[in-house]
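Structure first, commentary second.
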Amino acid sequence: MDNKRDITVLQFTMILISTSVSIAILGMPRMVIDYAKTASPTASLFGALLILFGILLITYLGKIFPKQTIVGYSELLLGRFGKFLVFLLAIYAIIITGLESRHFGEIIKSALLTDTPIHVSILLLGLLFVTASFHAPTTFAYIHYFYIPLTVAPIMFILLMSLTDVDWVNIMPILGNEASYYNIAQGGLVVTQVMQNFIIISVIIPFMRKPLDAMKAGVWGWLISALVLIMTVSFVLAVFGVNEVRDMTWPTLVLGRLIRFPAEIFQRIDAFLLIAWIVAAFTTVFATYYFAVRVLRELFKWKSQVKVSIFIYPVVFLIALWPNDILHLYDLLGTYIANNALFLTLGVPVLLFIVAKVKGYKVKGGTPS
Amino acid sequence: MRLLVSILALLSFSLVLTGCWDRSEIEERAIILGIGIDYLTKEEEESFTESEVTHPEQGFPIDTQRIKLTVQIAVPGRIPLGPSGGSGGTSEEKVWIVEVIGHTVDDAIQNLQQQIAQELYLGHLQLVIISEEVAKSGLADINDFFKRNHEARRTAWMLVHHGRAEEAVHAAPPLEEVPSLYLAETMNNTVEFGKFPKEYMGFFWISSSRSGKEGILPHIKVMSDGNIQINGMAYFIDNRMVGKTTPLQIGTYMSMVAENPGGYTIATELPNDDGVFMYRSQTRKSDIQVEIKDGKPYVHFDVTSKGFIEEENKVEQGIQDDPEYLRSLEEEIAKVAEKSATNLLDQLQEDGSDIFGIGEFVRGKHSKFWDEHIRTKENWQEMFPDIEIEVNYNIEIERTGIRLS
């Protein structure tokens, strides 16, 4: 397996975007609006800012250790405990891959292929990301780079098409009716949870052509993905209003069904949204799974990435079968896993950054050859 | 090992075929185009026998008023594509109209499926026609079925019919192949011509879910030749229809919420003249100001309407290239429009239905007042009849057609 260092800044930005624009885009507006009501755009911005903080720390660490992944430098900084933390991150990535696979299956089953057994959809998605995870980081970057136009563009297009149907009173007042700051923070955390998979870039940075540019690329990636997510929340809210959104399982999907293309060139444009979403779903689970594979392989010094990728898939599949029903799934995803994982995905970078500072590591500058 | 791998590889090819689980042939589908929803008439109620499709013989778990669905189904293979040849056949033969009774929408649909060979498909649903009787007793339960179903489109039209909904489903305009498609086309065109705001099913649900707004639906009437006339606007409180407006008031409503283009023509006479001018509005702007005075919202609509003169009739003096004349005409039109708006507002306040979404303005722009005094939709519905609303029209006649005098 060749581990060339030739991921460009642009590719790196794309990886970050396609990881953040995920399966959750269909249901996320509901979860944010449930908590933050009309303050949701503000809340989303707050939630996204937390992620920016995480991205800055991770890319800064990447600049200090331009030749090492998070596995390498966490061991260097914290020894065994560092290894343990990274192991936990890998476990998180496996669980989230499993649950998001199920999430994907549920939407396919309810809205698209009602007769196809859900196991088959999950398994096929699994087959894709398992085989895609056989390869080197450069290939990983290429795949994300290739799919970006197929995800972000249709989603943005549909959002902009809905402009004729928005009623801006729906997003006023921007601090919510009777919404406490606590509620706004809770709503914001939903966005943070959706974007927390940014952590996967910590295994990609050392394979960049210029790891020192990671921070710039990270900020750009954050800017675009945050824009897409905040726009999704705002437009869904502006079209539907608080009460209607809370009534729908996947408001963004319904938005795609509600709006009409001028001149009726296409009768339904939700098909575009669904295609974009399937690709977005794939890129997200692929990213988290790839992270788990790379970390576990490096952590336990296993040689064959192919075997790692094949052998941890059954665990992912079992986790996908874990939730009893869709409500249980959302409960697990939101309340238990994604919420608590924030301590890891944001906590680990903070801890590592502090330790690195205390131990006096500095950015050396120049490109490593 | 090699054998095992190749067997696995061969088996994995079958994964490519999983798409076949959801294949569905067009001939195997019964495409529902329109649904009419009525309560049973007395005779039907008496002659009715329970069919136990969705419930055991003890009867339906709750006591509900039974509904009758009149369903228009396209018969696959019988809708001719393109211009129809001489073979003809009236529209009644091209589509299939079935009546079925049930306790709820889904119960009725299941009863229907029980007697139809093809799978019922709602993906092309265009119309849901509801009798006034059903609309007045509330749509919440009916909406649930269409909201939950993943096939039904939110761009379908929900219409309120004055009499029995089945009449409207049976109505067959002579030139049309498929009545439901024709009716849906009519409704879509009315939006384009400015005859009705864009309130299809999805938007009706949105409007009626909002805290400070109520929904509206088109109110239709079947004419003797099988055409359908938009006879006004049915307005709601929550999901319950409480009244209807006249057709011209649709235009008034649309101008007040600045829904463009304007499609209504208003007849005005000048005080010192016996004739009448027909003014057609085209584009409108509406500035809605909400102020809180003495613990009550005070609302001011400032509507600017631009349009042209479509006709003059029995007018003595005429316009005569005189801009001043137009200005005085504008004032008169504004008076008529203001009168119409005041009437509409009086009627709505009496019935307590805030279809303008004034409550939303209060919630959004005076959130402090809302949080302190209103908070819920119920409270707003209580307050709406008592608030003061003023309407001011500003008419601008920009053209007089291709005749100047």
Side-chain angles (χ1 to χ4, degrees), chain A residues 37-39 107-121 123-124 126-128 131 164-179 238-251 253-264 267-270, chain B residues 12 14-24 119 123-124 126 143-144 147-156 185 188 191-192 198 200-213 257 288 290 357-372 374-377:
Chain A
K37 313 275 159 42
T38 53
I107 300 179
I108 291 280
K109 178 90 180 165
S110 344
L112 213 56
L113 305 171
T114 45
D115 293 335
T116 308
I118 190 167
H119 305 79
V120 175
S121 324
L123 213 56
L124 273 177
L127 190 74
L128 271 180
T131 46
T164 51
D165 296 324
V166 301
D167 185 347
W168 295 115
V169 171
N170 275 328
I171 61 169
M172 287 189 284
I174 53 163
L175 284 178
N177 292 102
E178 298 182 275
V239 170
F240 291 112
V242 173
N243 300 340
E244 185 73 359
V245 171
R246 297 172 80 188
D247 196 39
M248 297 185 286
T249 325
W250 297 300
L253 183 60
V254 178
L255 182 72
R257 296 187 159 199
L258 185 67
I259 54 177
R260 284 191 160 181
F261 200 77
E264 303 275 308
Q267 273 221 317
R268 307 178 66 156
I269 51 177
D270 58 325
Chain B
S12 69
S14 67
L15 286 172
V16 184
L17 297 171
T18 52
C20 300
W21 251 299
D22 274 279
R23 85 200 178 286
S24 92
E119 189 193 358
H124 289 292
Q126 305 280 340
N143 285 343
D144 179 82
K147 280 187 177 183
R148 209 176 284 274
N149 187 294
H150 80 278
E151 287 170 354
R153 305 177 180 193
R154 288 190 167 221
T155 48
E185 189 59 30
N188 289 335
V191 173
E192 224 155 280
K198 190 164 133 191
Y200 28 74
M201 196 152 76
F203 286 114
F204 167 66
W205 291 338
I206 291 172
S207 297
S208 48
S209 78
R210 291 170 68 179
S211 307
K213 197 175 181 196
V257 294
I288 305 171
V290 180
I358 294 169
E360 283 291 295
F361 276 92
V362 177
R363 186 191 57 70
K365 294 184 173 159
H366 298 276
S367 57
K368 218 171 177 186
F369 177 77
W370 176 277
D371 289 350
E372 276 167 18
I374 305 174
R375 283 199 301 278
T376 63
K377 187 165 186 174

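Since the structure is predicted, the reported quantities are computational estimates derived from the model, not experimental observations. Naming convention: chains lettered A, B, ... in sequence-line order (proteins, then strands); numbering from 1 in each chain.
Here the side chains of A:Val120 and B:Trp21 are in contact, with some heavy-atom distance below 4.5 Å. Looking at heavy atoms from C-beta onward, A:Pro173 lies out of side-chain contact with B:Lys368 at the 4.5 angstrom threshold.
With a 4.5 Å cut-off on non-hydrogen atoms, B:Ala152 touches chain A through its backbone but not through its side chain. For A:Ser110, the part sitting under 4.5 Å from any heavy atom of chain B is the backbone (N, CA, C, O) and nothing else. For a residue to count as touching a neighbouring chain, one of its non-hydrogen atoms must lie under 4.5 Å from one of that chain's; by this rule A:Val169 touches chain B with backbone and side chain alike. Residue contact with chain A, scored on non-hydrogen atoms closer than 4.5 Å, involves the side chain of B:Lys198 exclusively. With a threshold of 4.5 angstrom between heavy atoms, B:Ser207 does not approach chain A through any atom at all. Interface remark: B:Lys377 contributes no atoms to any contact with chain A (heavy atom separation under 4.5 Å). A:Leu258 touches chain B through backbone and side chain together, each having a heavy atom under 4.5 Å away. In this structure, the portion of A:Leu127 lying under 4.5 Å from any heavy atom of chain B is its side chain and not its backbone.
Salt bridge annotation for B:Arg23-A:Asp115: absent, with no cationic side-chain nitrogen under 4.0 angstrom from a carboxylate oxygen. By the 4.0 Å N-to-carboxylate-O rule, B:Glu151 lies too far from A:Arg257 to be salt-bridged with it.
Here A:Thr114 contributes atom OG1 and B:His150 contributes atom NE2; the two are 5.0 Å apart, rounded to the nearest 0.5 Å. One finds the CD1 atom of B:Ile206 at 11.5 Å from the CG atom of A:Asp247 (value rounded to the nearest 0.5 Å). Rounded to the nearest 0.5 angstrom, A:Glu244 CD and B:Ser208 OG are separated by 7.5 Å. The CG atom of A:Asn243 sits 15.5 Å away from the CH2 atom of B:Trp205 when rounded to the nearest 0.5 Å.
For the options A:Leu123, A:Thr38, A:Asp165, heavy-atom pairs under 4.5 Å to chain B are most numerous at A:Asp165. Contact count against chain B (heavy-atom pairs under 4.5 Å) is highest for A:Asn170 among A:Leu124, A:Val254, A:Asn170. Most heavy-atom pairs under 4.5 Å with chain B, from the set A:Pro117, A:Gly241, A:Ser121: that is A:Pro117.
Judged purely by atom type and a 3.5 angstrom limit, B:Arg154 has no side-chain atom pairing as donor or acceptor with the backbone of A:Ile259.
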(request) Would you sort out whether A:Val242 and B:Arg210 count as a side-chain contact (heavy atoms from CB on, under 4.5 Å), showing the intermediate values? (result) CA-CA 7 Å; A:Val242 173; B:Arg210 291 170 68 179; over 6 Å; no

(request) Dump the intermediate steps for side-chain contact (heavy atoms from CB on, under 4.5 Å) on A:Met248 and B:Arg148, then the final yes or no. (result) CA-CA 9 Å; A:Met248 297 185 286; B:Arg148 209 176 284 274; over 6 Å; no

